[in-house]
Trainee: 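The structure that follows is given in the form of structure tokens.
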Amino acid sequence: KPEMEMEVFEKYESNVRSYSRSFPTVFKKAKGYKVWDVNEKEYIDFFAGAGTLNYGHNNDKMKKLLIEYLEEDLITHSLDMATVARGKFLEQFNEVILKPRNLDYKVMFPGPTGTNTVESALKIARKVTGRETVISFTNAFHGMTIGSLSVTGNSFKRHGAGIPLSHTVSMPYDDYFSSNRSIEYIERFLEDSGSGVALPAAIILETVQGEGGINAASYEWLRDIERLCRRFDILLIVDDVQAGCGRTGTFFSFEPAGIKPDIVCLSKSIGGYGLPMAITLIKSEHDIWEPAEHNGTFRGNNLAFIAASEALTYWENKDFSNGIQEKSEMVSSFIDHVIEEYKELKGEKRGRGLMQGIASEIEGLSEQICNEAFNRGLLMETSGPNSEVFKFLPPLIIDKEGLEKGFAIVEESVQTVLN
Ligand code: PMP
């Protein structure tokens, strides 16, 4: 009974930790890019589990394999032990992803979440270099454990730790200044490292900052950062938890920049079906941990390995990435249209690929637009330090019709909010 479900929601979902209340309904069913609540109201999903459902909800191909796997009583939980499903994933990842891109990384399973891969990256970078500090960026988001939070550039979230977080230095991200001063600033800082400022172990970055406001770094900036890392012998960590797995058009978001990070963090859509999974890619020379020097119980989710292997087959076909490109252009033109047509929005276009957004200068407006969109059957989220951006983050498998339906709702919501 939908009324009963709503009653349970009102009774148990906290008023204080009220995130669930920003989508005030009880969700029940989902397929592809559509979601339904207990009242059978349909929603288009422009949220995709914050980048976790790149291949859509309840992907048919993955579902079939998962059901078969369960029916045969094959192993589901295996800590860090070798299993057939894990082996298949490792082989597939090497053959479909790493080899064609000429990348030579060791794959490590750090634990089930994005935070876990970031945490492992920070640890290994410190262990490899023997240095303490890590450079991160303004508006970065890397996770919620003390280590990953310490490189997160969001003061509200940092306050959640209850103590000041140390051993990190926040630097201006690419768009922080209007000129190239970010690189000059960082370079100068590193050059001064002999005079009392400790040389960092690593620089950690997102190529497109998801939670921090859909800020896309230029390829040139990324290459400059890599150059500084090489010059000062600092490890480059790319956190591709949200921007990776095709979100920006290529499997790794950094591919078009032509850089080769020392460590890459992947999670969210690597698990394919929304199943918790993360991997840390480490250049062989930095792969120095002894067995169990970093471990965790949930590193062997074989259901995730099954879905993840199947997800990688999308990358065997160029049409998939070309399709992302075409849909990205649709989003981009729609955003241009909205900004041009509704000047009162004072909107600015952000991002790339299927990770784009509109930042409104007017306080609270983006949030109102998301609320209106929800009422009309579209799931969207805001991001940025003041929730000033409303994001277009649909599953990558969305079709043109789905995008257009979503756009129509966005446009109506913008009109309503501005009236
Ligand atoms: N890094 C980035 C770039 C993210 O966007 C997120 C999650 N939004 C994380 C790390 C943390 O991932 P998780 O929530 O799975 O721990």
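Quick caveat: nothing in here was measured; it's all calculated off a predicted structure. Counting convention: from 1, in listed order, for ligands and their atoms alike.
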Trainee: Between E226 and R230 (salt bridge meaning N to carboxylate O under 4.0 Å), is one present in this structure?
Mentor: yes

Trainee: Among all protein heavy atoms in this structure, tell me which lies nearest to atom 1 (N) of ligand 1, with the distance rounded to 0.1 Å.
Mentor: D239 OD2, 2.7 Å

Trainee: Starting from atom 10 (C) of ligand 1, locate the nearest protein heavy atom and write down its residue, its atom name and how far away it is, to 0.1 Å.
Mentor: H142 O, 3.3 Å

Trainee: With the threshold set at 4.0 Å, does a side-chain nitrogen-carboxylate oxygen contact exist between R247 and D240?
Mentor: no

Trainee: With backbone taken as N, CA, C and O and side chain as the heavy atoms from C-beta onward, which portion of T115 lies under 4.0 Å from ligand 1: side chain, backbone, both, or neither?
Mentor: both

Trainee: Flag the pair E381 / F46 as yes when at least one side-chain heavy-atom distance between them is below 4.5 Å, and no otherwise.
Mentor: no

Trainee: Can R231 and E187 be counted as an ion pair, charged N to O under 4.0 angstrom?
Mentor: yes

Trainee: Tell me the protein heavy atom at minimum distance from atom 13 (P) of ligand 1, and give that distance in Å.
Mentor: G114 N, 3.5 Å

Trainee: In terms of atom number and element, which parts of ligand 1 are under 4.0 angstrom from non-hydrogen atoms of T113?
Mentor: 15 (O), 16 (O)

Trainee: Regarding K400 and E404, does a basic nitrogen lie under 4.0 Å from an acidic carboxylate oxygen?
Mentor: no

Trainee: Does the side chain of L354 reach to within under 4.5 Å of the side chain of F392, using non-hydrogen atoms?
Mentor: no

Trainee: Given that the side chain starts at C-beta and the backbone is N, CA, C, O, which of these parts of K268 lies under 4.0 Å from ligand 1, counting heavy atoms, or is it both or neither?
Mentor: side chain

Trainee: Using a plain distance cutoff, I'd like to know if Q242 has any nitrogen or oxygen under 3.5 Å from a nitrogen or oxygen of ligand 1.
Mentor: yes

Trainee: In terms of atom number and element, which parts of ligand 1 are under 4.0 angstrom from non-hydrogen atoms of E206?
Mentor: 3 (C)

